[in-house]
Structure formats: C-alpha cells, structure tokens
Amino acid sequence: VQLQASGGGLVQPGGSLRLSCAASGFTLDDYAIGWFRQAPGKEREGVSCISSSDGSTYYADSVKGRFTISRDNAKNTLYLQMNSLKPEDTAVYYCAAALWSGCTVVAGIRRSGVDYWGKGTLVTVSS
C-alpha cells in the first residue's frame with residue numbers, strides 16, 4: 001500500500017505547479033483524499049480535500065481561489081493544481097487518504113483518522 005506524491009519543485013511567485021498523488025495497493029474510490037503541508041518551523045496544516053461520496057471539496061482559507069483539487073478514480077490518482085503561488089506556499093506537501101473520517105482531519109476537525117500517508121514533495125516558491 002503506497003501513496004506516491006510528485007510534481008513539486010521550484011517556481012517563481014505567481015507561477016503554477018500541479019501535484020499528483022498516485023495510489024498503489026488499494027483503491028482510492030472509497031477514500032476521502034487530500035493534501036497537507038508543512039513549512040519549516042511550522043505545524044502541519046490541512047490544505048485541501050475531496051470526499052469519496054459526492055466529490056465535495058474543502059480548501060483552507062489561505063489557498064481558496066488559487067488551488068484546485070481533483071481526483072481521477074480510473075487512474076487511482078489525486079491532483080492539486082496550484083496557481084498564483086506565493087512564497088508562503090513553500091512547504092513539503094503530503095497526500096493522505098482517509099476511509100471513515102472523510103475530510104475532517106484535513107479540515108482540522110479531528111486530530112487523527114488518516115489511514116495512509118504519502119511521502120512529501122517539496123514546493124519552493126521563490127524568485
């Protein structure tokens with residue numbers, strides 16, 4: 001069972017990146033899946049999540065209007081399109097899947113409930 005995140009890199013402020021998270025060993029269909037990030041010296045924060053049931057989404061206030069989450073169940077993959085990137089978006093981004101807790105951990109409602117974590121991918125926004 002594995003979640004593999006990719007797509008990070010160095011981008012200038014105002015630029016865009018698309019992160020991907022491919023699942024193997026299990027099917028994402030029944031899981032809420034989302035993204036966390038952790039910047040140096042800061043706590044981990046939930047960024048965005050998409051439910052398994054109706055495709056409803058959650059975005060942290062700091063990324064609303066700039067980031068778009070999507071899932072392709074046929075490819076067993078999660079995406080995060082990040083536009084208008086800012087230096088404060090610099091962080092290691094982690095994908096995660098939750099079966100019973102939905103998007104509550106990403107949204108900060110629960111502290112635990114993620115079933116699978118991916119290894120992070122580093123996003124650096126700098127000129």
Side-chain angles (χ1 to χ4, degrees):
V1 173
Q2 187 178 10
L3 288 172
Q4 182 65 53
S6 61
L10 173 64
V11 63
Q12 292 187 341
S16 298
L17 281 174
R18 189 176 82 152
L19 304 184
S20 299
C21 176
S24 59
F26 71 108
T27 303
L28 283 177
D29 296 33
D30 295 329
Y31 290 77
I33 42 179
W35 296 92
F36 293 84
R37 68 185 180 186
Q38 187 163 20
K42 294 188 177 181
E43 292 188 356
R44 186 188 67 198
E45 65 170 332
V47 176
S48 182
C49 184
I50 184 166
S51 72
S52 61
S53 54
D54 58 4
S56 58
T57 56
Y58 163 84
Y59 295 95
D61 288 343
S62 57
V63 306
K64 279 181 183 176
R66 301 187 298 122
F67 290 12
T68 303
I69 192 170
S70 61
R71 63 192 297 164
D72 186 335
N73 287 342
K75 294 183 177 180
N76 224 23
T77 301
L78 169 71
Y79 302 99
L80 185 69
Q81 178 66 43
M82 306 186 296
N83 298 329
S84 303
L85 283 161
K86 304 175 181 180
E88 51 264 42
D89 294 318
T90 295
V92 177
Y93 285 70
Y94 301 89
C95 54
L99 183 61
W100 65 271
S101 61
C103 289
T104 57
V105 180
V106 175
I109 299 171
R110 295 178 188 268
R111 286 185 171 271
S112 64
V114 169
D115 294 280
Y116 303 115
W117 289 94
K119 293 183 179 179
T121 185
L122 177 62
V123 173
T124 303
V125 185
S126 175
S127 55

Problem set entry | Non-neighbouring partners of Q4 that pass side-chain contact (heavy atoms from CB on, under 4.5 Å), sequence neighbours left out | Q2

For this session: Taking all non-hydrogen atoms of both residues into account, name the closest pair between V114 and Y116 and its distance.
Result: CG1-O, 3.2 Å

Solution key, residues 101-108 side-chain donor-acceptor pairs under 3.5 Å, sequence neighbours excluded:
unit_1: S101; atom_1: OG; unit_2: G113; atom_2: O; d: 2.8
unit_1: T104; atom_1: OG1; unit_2: S101; atom_2: O; d: 2.5
unit_1: T104; atom_1: OG1; unit_2: R110; atom_2: NE; d: 3.2

Seminar exercise, completed: Separation between CD1 (I33) and CG (D115), nearest 0.5 Å, reads 12.5 Å

Exercise. With sequence neighbours left out, what residues match K64 under side chain to side chain donor-acceptor pair (under 3.5 Å)?
Worked result: D61

Exercise. What's the shortest heavy-atom distance between A60 and G46, and which atoms?
Worked result: CB-O, 3.5 Å

For this session: Give a yes-or-no answer on whether the side chains of S56 and D54 include a donor-acceptor pair shorter than 3.5 Å.
Result: yes

Exercise. How far does CD of Q38 sit from CD of E45, to the nearest 0.5 angstrom?
Worked result: 9.5 Å

Under 3.5 Å donor-acceptor pairs involving side-chain atoms of residues 69-81, not counting sequence neighbours:
unit_1: R71; atom_1: NE; unit_2: N73; atom_2: OD1; d: 3.0
unit_1: R71; atom_1: NH1; unit_2: Y31; atom_2: O; d: 2.9
unit_1: R71; atom_1: NH1; unit_2: S51; atom_2: O; d: 2.9
unit_1: R71; atom_1: NH2; unit_2: L28; atom_2: O; d: 2.6
unit_1: R71; atom_1: NH2; unit_2: Y31; atom_2: O; d: 3.0
unit_1: R71; atom_1: NH2; unit_2: N73; atom_2: OD1; d: 3.4
unit_1: D72; atom_1: OD1; unit_2: A74; atom_2: N; d: 3.1
unit_1: D72; atom_1: OD1; unit_2: K75; atom_2: N; d: 3.2
unit_1: N76; atom_1: OD1; unit_2: L28; atom_2: N; d: 2.8
unit_1: N76; atom_1: ND2; unit_2: A23; atom_2: O; d: 3.2
unit_1: N76; atom_1: ND2; unit_2: F26; atom_2: O; d: 2.8
unit_1: T77; atom_1: OG1; unit_2: K75; atom_2: O; d: 2.8
unit_1: Q81; atom_1: NE2; unit_2: N83; atom_2: OD1; d: 2.9

Identify all side-chain donor-acceptor contacts of residues 117-127 below 3.5 Å with residues at least two apart in sequence or on another chain.
unit_1: T121; atom_1: OG1; unit_2: G8; atom_2: N; d: 3.1

Exercise. Which pair of non-hydrogen atoms, one from A97 and one from L3, has the smallest distance, and what is that distance?
Worked result: N-CD1, 3.9 Å

For this session: Any salt bridge (charged side-chain N to carboxylate O under 4.0 Å, His left out) involving residues 80-99? Give me the pairs, sequence neighbours left out, ordered by first then second residue.
Result: R37-D89, R66-D89

Exercise. Do any pairs count as a salt bridge (charged side-chain N to carboxylate O under 4.0 Å, His left out) and have a residue in residues 91-101, sequence neighbours left out, and if so which ones?
Worked result: none

Problem set entry | Heavy-atom check, side chain of F36 versus side chain of V92, under 4.5 Å | no

Seminar exercise, completed: Correct closest heavy-atom pair for S16 and S84 would be OG-N, 4.4 Å

Problem set entry | Linked, directly or transitively: F67 and L19 (ILVMFWY side chains, under 4.5 Å) | yes

For this session: Scan for ring-ring contact (aromatic ring centres under 6.0 Å, His included) pairs involving residues 88-108, sequence neighbours excluded, and state none if there are none.
Result: none

Exercise. Can you tell me how far the CG atom of D29 sits from the OG atom of S53, to the nearest 0.5 Å?
Worked result: 12.5 Å

